Amino acid sequence: MRQKIVAGNWKMNCDLEETKTLLKALKSKLDSVDPAVNLIVAPSFTNLLPAVEMLKDTSIEVAAQNMHPKPNGPYTGEVSAKMLSSIGVKTVILGHSERRKYFGETKALLNDKVNTALTQNFKVIFCVGESLAARQDKQHFQVVQSQLKGSLFYLSKKNWEHLILAYEPVWAIGTGETATAQQAQEMHAFIREEIAQNYDQQTADQVTILYGGSVKPGNAQELFSQKDVDGGLIGGAALNADDFLNIANCF
Ligand code: 13P
């Protein structure tokens with residue numbers, strides 16, 4: 001079902017103490033947030049269990065930032081769906097541009113990861129987005145279309161109930177340069193149209209599509225007021241409790 005979501009991707013930030021401090025601050029001010037807005041935080045693997053424990057009596061959901069497609073085996077340094085499930089994590093971010101760029105994640109690998117996650121009853125926040133060069137070459141729609149086709153459009157219609165998309169133009173991530181509300185809306189509408197063409201309008205209308213890339217309390221309201229922007233996937237600003245909650249209050 002289409003939802004209002006503000007999700008914090010903490011990336012490789014916050015040790016245990018910092019995680020506890022940030023979560024404590026979020027919890028103490030949670031009353032200020034409209035209950036219709038769903039909050040998700042994605043700390044690093046080492047801090048997932050403490051986060052689950054600290055947030056168990058709240059509405060904030062905990063997500064992992066990555067997951068291996070295989071159930072177990074000789075994959076040094078990796079974490080499986082079963083391991084995440086066993087500590088109460090049932091949401092995972094996949095396809096982030098930093099994973100694609102620094103860790104060589106391909107469409108085929110993401111296919112496997114998405115399949116495993118959905119089979120294991122996870123909710124998937126799947127990221128798509130073009131590079132600066134692609135945007136300058138006016139190839140942004142083609143890039144996003146190919147990411148959707150390559151990793152998601154083979155899925156069943158039913159699978160889409162468990163998918164959240166995040167449009168994150170790479171040139172806007174961590175750069176302070178946000179897509180304009182019009183650029184975000186245009187791409188979100190395009191994504192929804194692609195889903196409608198490959199499935200049907202009903203499926204397209206129920207998918208939550210988040211925008212990510214330098215979302216701050218000062219620009220969230222304009223972005224979230226767009227028809228096809230259902231919330232945000234927040235990086236830097238998610239590391240500050242007030243900023244994160246202020247963003248959540250921007251609908
Ligand atoms: P920033 O908000 O720091 O630009 O990061 C966005 C992002 O990559 C979220 O996944």
Side-chain angles (χ1 to χ4, degrees), residues 3-14 18-19 22 26 37-45 47-48 51 60-67 89 91-103 105 110 113-114 117 122-132 134-135 140 143-144 147-148 151-152 163-181 183-184 187-188 191 208-224 226 229-251:
Q3 293 177 312
K4 290 178 182 169
I5 295 177
V6 171
N9 174 9
W10 292 10
K11 309 191 180 185
M12 199 174 73
N13 294 294
C14 296
E18 290 161 344
T19 297
L22 181 48
L26 286 174
V37 179
N38 297 284
L39 297 178
I40 301 175
V41 292
S44 61
F45 281 134
N47 296 318
L48 286 174
I60 305 178
E61 203 174 300
V62 179
Q65 298 175 19
N66 184 28
M67 197 198 75
V89 173
T91 303
V92 64
I93 299 172
L94 293 175
H96 194 282
S97 61
E98 287 153 12
R99 300 282 331 158
R100 294 177 196 256
K101 180 175 171 192
Y102 301 124
F103 304 97
E105 295 202 358
L110 290 170
K113 290 192 175 195
V114 169
F122 273 69
K123 187 156 73 186
V124 174
I125 302 175
F126 191 85
C127 307
V128 295
E130 80 284 0
S131 64
L132 180 60
R135 167 70 60 170
H140 43 293
V143 169
V144 169
Q147 290 169 339
L148 293 169
S151 302
L152 300 181
L163 274 174
I164 295 163
L165 293 184
Y167 168 55
E168 299 207 312
V170 177
W171 48 272
I173 294 177
T175 59
E177 190 177 341
T178 324
T180 63
Q183 285 171 322
M187 184 59 86
H188 285 224
I191 292 170
T208 303
I209 309 179
L210 310 178
Y211 168 79
S214 298
V215 179
K216 310 279 177 229
N219 58 26
Q221 194 148 26
E222 206 191 344
L223 287 159
F224 296 173
Q226 302 301 308
V229 178
D230 303 313
L233 182 55
I234 321 298
L239 301 174
N240 177 291
D242 287 328
D243 284 353
F244 187 65
L245 296 176
N246 283 335
I247 290 171
N249 278 325
C250 280
F251 285 94

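All values derive from a computational prediction rather than experimental measurement. Counting starts at 1 for both ligands and their atoms, following the listed order.
- Ring-plane geometry between Phe251 and Phe224 is classed as parallel, the angle between the planes falling under 30 degrees on a 0 to 90 degree scale with a further cut at 60.
- Side-chain atoms of Asp230 do not come within 3.5 Å of backbone N or O of Lys4 as any donor-acceptor pair.
- A distance-only check finds no donor-acceptor pair linking the side chain of Tyr167 to the backbone of Pro169 [under 3.5 Å].
- At under 3.5 Å, not a single nitrogen or oxygen of Ile234, backbone or side chain, sits near a nitrogen or oxygen of ligand 1.
- When all heavy atoms are compared, the tightest approach of Cys14 to Leu22 is SG-CD2, 4.1 Å.
- Close approach of ligand 1 to Ser214 is summarised as follows: ligand atoms under 4.0 Å from at least one heavy atom of the residue are 1 (P), 2 (O), 4 (O).
- Each of the atoms 9 (C), 10 (O) of ligand 1 lies under 4.0 Å from some heavy atom of Leu233.
- To the nearest 0.5 angstrom, Ile164 atom CD1 is 6.5 Å from Gln3 atom CD.
- Here the side chain of Glu61 pairs no donor or acceptor atom with the backbone of Ile40 at under 3.5 angstrom.
- In this structure, Lys11 is part of the shell of residues with a heavy atom less than 4.0 angstrom from ligand 1.
- Side-chain polar atoms of Glu168 and His96 form a donor-acceptor pair below 3.5 angstrom.
- When each atom of ligand 1 is checked for a heavy atom of Gly236 under 4.0 Å away, the hits are 1 (P), 2 (O), 3 (O).
- At a 3.5 angstrom cut-off on N or O pairs, Thr175 does not count as close to ligand 1.
- Distances below 4.0 Å separate heavy atoms of Gly213 from the following atoms of ligand 1: 4 (O), 6 (C).
- By the criterion of a heavy-atom distance under 4.0 Å, both the backbone and the side chain of Ile173 are placed next to ligand 1.
- Of all the heavy atoms of Ala172, the ones lying under 4.0 Å from any atom of ligand 1 belong exclusively to the backbone.
- Taking every non-hydrogen atom of Glu168 and a distance limit under 4.0 Å, the qualifying atoms of ligand 1 come out as 6 (C), 7 (C), 8 (O), 9 (C), 10 (O).
- At least one side-chain heavy atom of Leu39 sits less than 4.5 Å from a side-chain heavy atom of Phe244.
- In the vicinity of Gly174, heavy-atom distances shorter than 4.0 Å reach the ligand 1 atoms 1 (P), 3 (O), 4 (O).
- For the pair Gly235 and ligand 1, the shortest N or O to N or O distance falls below 3.5 Å.
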Handout entry: CA sep, side-chain torsions, deciding dist, call: Asp243, Ile234, side-chain contact (heavy atoms from CB on, under 4.5 Å)
Key = CA-CA 10 Å; Asp243 284 353; Ile234 321 298; over 6 Å; no

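- Where the criterion is an N or O separation shorter than 3.5 Å, residue side chain and backbone included, Glu98 fails it with respect to ligand 1.
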